[in-house]
Amino acid sequence: MPAAVTRGAPPGPTGYPLVGVFPMARRDPLGFFTDCVRRHGDVVAMRLGPHHVYLLRHPDHVKHVLQDNARAYVKGPTVARVRGLFGESLTTVDNDRWRERRRQVQPAFQPGLHAHFSSVVSRAVAELLERWKPLAERGEPVELASEMRRLTQAIIIRACFGEVSAGDLQALGRALDSAVAHVDRRLWSPLGWLDAPTPASLRYRRALSVVEAFMCRLTVEARHSGPSSGTLLAALFDAAEPFPTAELHDELRAFLFAGHTTTASALAWIWYVLSEHPEARERIEEECRTVLGGRDPRMEDLPRLGDTRRVLEEVLRLYPPTWLTARSPIEDDSLGGYIIPAGALVLLSPYLTHRHPAVWEDPERFDPERFAPARGAMRPAFAYFPFGGGPRRCIGSAFATAEMQMIVATVVQRYRLTLLPGARVVPAPGLTLRPSPALPMRAHRQ
């Protein structure tokens with residue numbers, strides 16, 4: 001049952017007429033929201049442009065919205081700004097449409113596909129390491145953020161469609177980068193809701209057209225000759241209820257965008273953190289030498305790579321790629337003693353909840369041992385939710401976690417990555433939380 005309403009309106013920052021706190025929030029979203037919860041607590045009310053916003057931080061409140069009362073919340077109006085990337089896919093639809101789509105898509109993420117997926121990951125990492133050889137020999141730096149995007153794009157494209165040409169990988173990768181960059185720029189733009197035909201919007205539409213043309217060609221070929229075995233496309237083709245072409249393309253587009261952006265951001269942060277914490281890097285290097293002995297990891301090896309997994313989980317705590325998510329109640333709800341009115345915008349931030357001082361001791365400190373089983377069992381369930389939670393938890397979270405663990409375990413056996421002296425890296429909150437302005441590193445052969 002919802003908590004009884006015992007208070008008035010939640011506290012929050014004072015904004016300006018019409019625009020509310022939007023000018024302050026857009027300058028530094030992370031800093032602004034961090035200051036909001038520090039000053040006002042676990043439930044913060046504010047006006048953000050046209051939206052009445054409630055920012056929630058406490059794990060119990062997150063659990064209420066994402067799990068206990070999930071049926072009363074929908075994705076809300078902010079979905080419009082990312083619909084070009086995700087279409088009418090599982091990522092964006094609500095209610096009965098979402099439940100039906102989830103049933104259709106779920107078979108594409110069954111454990112039976114893990115073997116094919118792991119071979120795709122291993123091949124893409126091998127190609128990455130081969131590209132680094134001449135750079136390492138010449139002592140030239142690599143820009144890890146873009147390298148991780150290129151790597152995860154190759155993985156998700158092949159996981160979806162199977163074998164594609166190098167030219168297709170490059171062309172599609174450029175289109176994905178261009179589309180994501182455009183959405184990143186618009187997310188905090190005061191005119192982001194406009195769809196005027198500017199040069200930037202035309203480039204964005206061309207990028208989406210490249211993605212659409214690629215999907216059309218590959219799906220038509222697959223219908224004629226059969227999809228590659230083990231791919232996500234093959235699994236979607238085998239769904240009990242066939243997908244209409246438009247819905248199939250929406251899901252594939254969502255796989256392509258969501259399947260590389262978040263993983264690339266997380267991997268970039270992993271290499272940054274390992275460069276800053278050599279003791280953690282040395283521990284996972286030793287673990288990988290002991291467990292793998294120089295060979296590539298397989299899926300069955302991952303449970304024995306505990307140090308690697310704990311480093312990954314701690315990086316996802318500090319730098320969750322999906323740093324902010326939104327919901328909107330379809331009817332009045334009560335939470336923490338406050339009324340949350342229907343149609344309001346409810347913001348949940350893993351970045352903030354993962355730093356809640358009542359849950360996480362010394363929350364800014366990097367400490368992978370937080371995720372030792374005994375310590376993890378003592379925390380509230382939604383103190384940690386880098387992949388969301390409840391019914392709408394990311395459907396690909398197990399694949400993404402295995403992918404990152406395999407990549408790290410392979411790379412650390414071949415290279416030691418160190419941040420260039422003087423490089424300053426800060427979190428940039430956009431579609432994902434990425435290191436900015438760049439992540440220049442040297443790759444030293446092990």
Side-chain angles (χ1 to χ4, degrees), residues 29-30 75 78-79 81-87 89-92 109 117 120-121 124 128 143-161 169-188 192 204 207-208 210-212 214-215 232 250-272 312 315-316 319-326 349-351 385-388 392-404 407 425 427-439:
L30 278 183
K75 280 287 186 153
T78 56
V79 162
R81 296 203 178 195
V82 297
R83 200 174 296 280
L85 304 186
F86 303 114
S89 69
L90 185 66
T91 306
T92 60
F109 293 90
F117 185 69
V120 170
V121 174
L128 172 83
E143 203 286 293
L144 261 292
S146 59
E147 287 291 291
M148 291 303 101
R149 286 199 309 275
R150 186 172 175 182
L151 171 64
T152 56
Q153 285 168 358
I155 290 169
I156 192 60
I157 292 168
R158 289 172 178 157
C160 281
F161 299 103
L169 280 178
Q170 292 171 5
L172 189 56
R174 287 193 297 269
L176 295 172
D177 283 345
S178 177
V180 169
H182 179 76
V183 171
D184 265 346
R185 288 190 296 269
R186 284 166 52 96
L187 280 176
W188 289 98
Y204 172 60
L208 292 180
V210 170
V211 177
E212 183 68 22
F214 175 85
M215 291 190 303
L232 293 172
D250 281 341
E251 294 303 333
L252 290 170
R253 187 186 306 109
F255 291 169
L256 290 173
F257 282 107
H260 89 273
T261 50
T262 53
T263 312
S265 293
L267 286 166
W269 284 117
I270 289 170
W271 301 124
Y272 170 76
L312 165 60
V315 171
L316 289 174
Y319 304 108
T322 303
W323 70 279
L324 189 68
T325 189
S349 173
Y351 182 89
F385 63 113
F387 296 105
R392 296 197 73 140
R393 176 182 168 88
C394 173
I395 197 170
S397 59
F399 277 74
T401 302
E403 175 184 358
M404 290 186 281
I407 290 168
V425 177
L431 189 65
T432 64
L433 187 67
R434 66 189 189 282
S436 179
L439 195 58

### Query
Can F255 and F161 be said to form a ring-ring contact (aromatic ring centres under 6.0 Å, His included), step by step?
CA-CA 11 Å; F255 291 169; F161 299 103; 9.4 Å; no
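Taking all atoms of both residues into account, the shortest heavy-atom contact from A159 to V120 is N-CG1, 4.1 Å. The two residues C160 and L256 come nearest to each other via the heavy atoms SG-CD2, 4.3 Å. Summarising the geometry of W188 relative to R81, their closest heavy-atom pair is N-NH1, 4.3 Å, with the distance given to 0.1 Å.
The residue from P29, P386, P427 that alone fulfils the side-chain contact (heavy atoms from CB on, under 4.5 Å) condition with W323 is P29.
D250 has a carboxylate O that lies under 4.0 Å from a charged side-chain N of R253, or vice versa, which qualifies the two as a salt bridge.
With rounding to the nearest 0.5 angstrom, the OG1 atom of T78 is 10.0 Å from the CZ atom of R83. Atoms CE and CD, from M148 and E143 in turn, are 9.5 Å apart once rounded to the nearest 0.5 Å. Note that CD of Q153 is 11.5 Å distant from OG1 of T263, once rounded to the nearest 0.5 Å.
With contacts defined as side-chain heavy-atom distances shorter than 4.5 Å, the pair T401/F387 qualifies.
Aromatic ring pairs are classed by plane angle as parallel below 30°, tilted from 30° to 60° and perpendicular above 60°; the pair W269 and Y272 is perpendicular. H182 and Y204 have parallel rings, their planes meeting at less than 30° on a 0 to 90° scale where 60° marks the start of perpendicular.
Heavy atoms from other residues, nucleotides or ligands lying under 6.0 Å from CZ of R150 number 12 at most.
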